[in-house]
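What follows is a short report on a single structure.
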Amino acid sequence: MNLANTAFVLIASILVLFMTPGLAFFYGGLVSEKNVVNTMLSVFIMTGVAILLWVFLGYSLAFSGNIAGIVGNLHHVFMAGVNLASLTATHIPVGAYSLFQMMFAIITPALFVGAVVGRIHFKFLLIFLIAWSIFIYYPMVHLVWSPLGWLAKLGVLDFAGGTVVHINAGVTALVLSAWLGPRLSGNRDNPHYNLPWVLLGTAILWIGWYGFNAGSTLAVNGVALQAAITSTVATAMAMVTWMFLDIWTTGKPTLVGVCTGTLCGLVAITPAAGYVTIMGSVAIGLIATMTSYAFIRLLKPRLGVDDALDAFGCHGVSGIVGSILTGVFATKAVNPTIVENGLAYGGGWHLLGVQILATAFTIAFVAVMGCLLVVILRRFMPMRVTAGEEELGLDQGEHGEQADYAVGLSERLSEFQPDQARYASEFRGQLQHLEHPLPQSNHSGGN
């Protein structure tokens, strides 16, 4: 066991786990007051569900054996027969690698929750999350990150989850939004519950993303350092780009816009983090953010698909751009393990073609399988809450809770009037000296 590499991967795993409550704060701050609990619970519940699923089925379906290059087998259900102490290529235990991948299985399905907040039954979403993990996520992990996977054999580059995580979650968000239909008209322009939470969630996500990207090296080396630097620079570029786009189009910079741009940069650099130079990361952050901004502001209103918190606009669009641009900016100078350079470094069109193929396959596979899962599950349970429950809010309708129990009290206190105000005429004599203070004495005596 390489102690440095193992400790690095364990810390990276904790950072990736930290991203899920960060995402809960990010989404919880963006939604309306009456859907905060439902939103945060829908995200955070995956920390329990995905861990159990990964141990029961996920690891085996992702990394055990191979069926047609698409999925593994069930030879290691419940992790049976897995030697957790055996070492991988970077001399970390298999148990540490499994733990690291487990954290990806938690955060990925939580990402598309933002698209459907405020109108989907919690029970339906929970069952869908389980089915989605089994039939979509684990096969995608095998396809891209297992050496036996079909896309891996084609030579696709996905350093930390452009296809497996972000395109996957983004397309799922679009599919669910389309099947659900738009929110009630009165619920679309409700104010955000808590903007400081949005900033807090963004900061936690950015911190956790170092585990996400740099940790994917699975070793303490130069590529891990490069991944950390490119992740930082691309995110900064995306943040500033979104702010200037907001100023250019609306005249005002916004906190929500800055946080959204930050997320786009983190998403876009994910597939390329350990393959590109610093200037490559600048280009990826800039292009991806401009594309996501254009989609959210111009194309999304024309599609008629109500993706409430722009999960597809951020994760899907920026993930697609980042995955494709990896085929342009990847270079052996950064990571000598890759077979060929990208288009911008004299590698020709082959790698770019592979990246486009993998991106297109991911979109098609996730869209078809996602629609199939929705059609099947809708036969057994309702997908959307009633109009009455949607108007009431899912916090009360689905959970019987509310985010801030002081809200009702503060409203009642605002209606309270002190006796002096309520019975002003009766207190007029006593209060007269407050309205007309007595003149101060010129007496210069002592106190």
Side-chain angles (χ1 to χ4, degrees), residues 1-26 43-44 46-48 50-51 54 58-59 62-63 88-111 137 141 144-145 158-166 168-169 200-236 238-239 259 262-276 281 285 314-315 318-319 322 335:
M1 182 191 300
N2 184 305
L3 296 182
N5 290 352
T6 303
F8 177 66
V9 172
L10 289 176
I11 293 171
S13 301
I14 294 169
L15 287 172
V16 178
L17 176 62
F18 191 39
M19 293 171 69
T20 301
L23 184 69
F25 274 103
F26 180 78
V43 171
F44 191 62
M46 286 312 296
T47 54
I51 288 171
W54 182 257
Y59 178 81
F63 296 111
T88 67
T90 56
H91 295 278
I92 64 170
V94 167
Y97 178 67
S98 177
L99 182 70
F100 183 65
Q101 285 289 342
M102 177 194 292
M103 301 311 166
F104 281 68
I106 295 170
I107 186 68
T108 306
L111 294 173
Y137 181 72
V141 173
V144 176
W145 286 337
D158 188 351
F159 192 76
T163 53
V164 177
V165 176
H166 296 295
N168 189 356
L200 173 65
T202 304
I204 293 174
L205 285 168
W206 192 343
I207 292 168
W209 226 285
Y210 289 103
F212 205 89
N213 284 0
S216 292
T217 313
L218 304 175
V220 180
N221 56 29
V223 175
L225 176 61
Q226 186 73 14
I229 293 173
T230 55
S231 298
T232 305
V233 175
T235 305
M239 171 196 284
C259 291
T262 301
L263 199 61
C264 288
L266 291 166
V267 169
I269 196 60
T270 293
Y275 302 126
V276 300
S281 70
C314 291
H315 296 279
S318 286
N335 193 330

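For the single chain, residues carry numbers from 1 onward in sequence order.
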What is the distance from atom [atom1] of [X] to atom [atom2] of [Y], rounded to the nearest 0.5 Å?
X	Y	atom1	atom2	answer
Gln226	Asn221	CD	CG	11.0 Å
His315	Leu263	NE2	CG	4.5 Å
Ser318	Ile269	OG	CD1	11.0 Å
Thr163	Asp158	OG1	CG	3.5 Å
Gln101	Leu218	CD	CG	8.0 Å
Thr20	Ile107	OG1	CD1	3.5 Å

Any side-chain heavy-atom pair from [X] and [Y] closer than 4.5 angstrom?
X	Y	result
Val276	Phe159	no
Ile92	Asn2	no
Val267	Trp209	yes

Does any N or O in the side chain of [X] come within less than 3.5 Å of the main-chain N or O of [Y], such that one atom is a donor and the other an acceptor?
X	Y	result
Asn335	Gly274	yes
Thr270	Ala160	no
Thr108	Ala105	no
Trp54	Ile106	no

Specify the closest pair of heavy atoms between [X] and [Y], including all atoms of both residues, with the distance to one decimal.
X	Y	result
Gly215	Ala12	CA-CB, 3.8 Å
Pro109	Met46	CG-CE, 3.4 Å
Pro271	Gly162	CB-CA, 3.7 Å
Val16	Gly211	CG2-C, 3.6 Å
Met103	Leu17	SD-CB, 3.7 Å
Ser216	Phe100	N-CZ, 3.7 Å

Exercise for the section: Using the side-chain contact (heavy atoms from CB on, under 4.5 Å) rule, pick out the option among Asn213, Thr235, Thr202 that qualifies with Leu266. Expected result: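 It is Thr235; the other options fail the test.
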Handout entry: Residue pair Leu23, Phe44: steps toward the side-chain contact (heavy atoms from CB on, under 4.5 Å) verdict
Key = CA-CA 9 Å; Leu23 184 69; Phe44 191 62; over 6 Å; no
Handout entry: Among Phe18, Phe104, Trp206, ring-ring contact (aromatic ring centres under 6.0 Å, His included) partner for Phe212
Key = Phe104
Problem - Evaluation steps, side chain to side chain donor-acceptor pair (under 3.5 Å), between Thr232 and Tyr210 - result: CA-CA 9 Å; Thr232 305; Tyr210 289 103; 2.6 Å; yes
Practice task
Using distance alone, with no hydrogens and no angle criterion, decide if Asn5 and Thr90 have a side-chain donor and acceptor under 3.5 Å apart.
Solution key: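 Judged by distance alone, the side chains do not pair up.
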Practice task
Step by step, work out the side-chain contact (heavy atoms from CB on, under 4.5 Å) result for Phe26 and Val43.
Solution key: CA-CA 10 Å; Phe26 180 78; Val43 171; over 6 Å; no
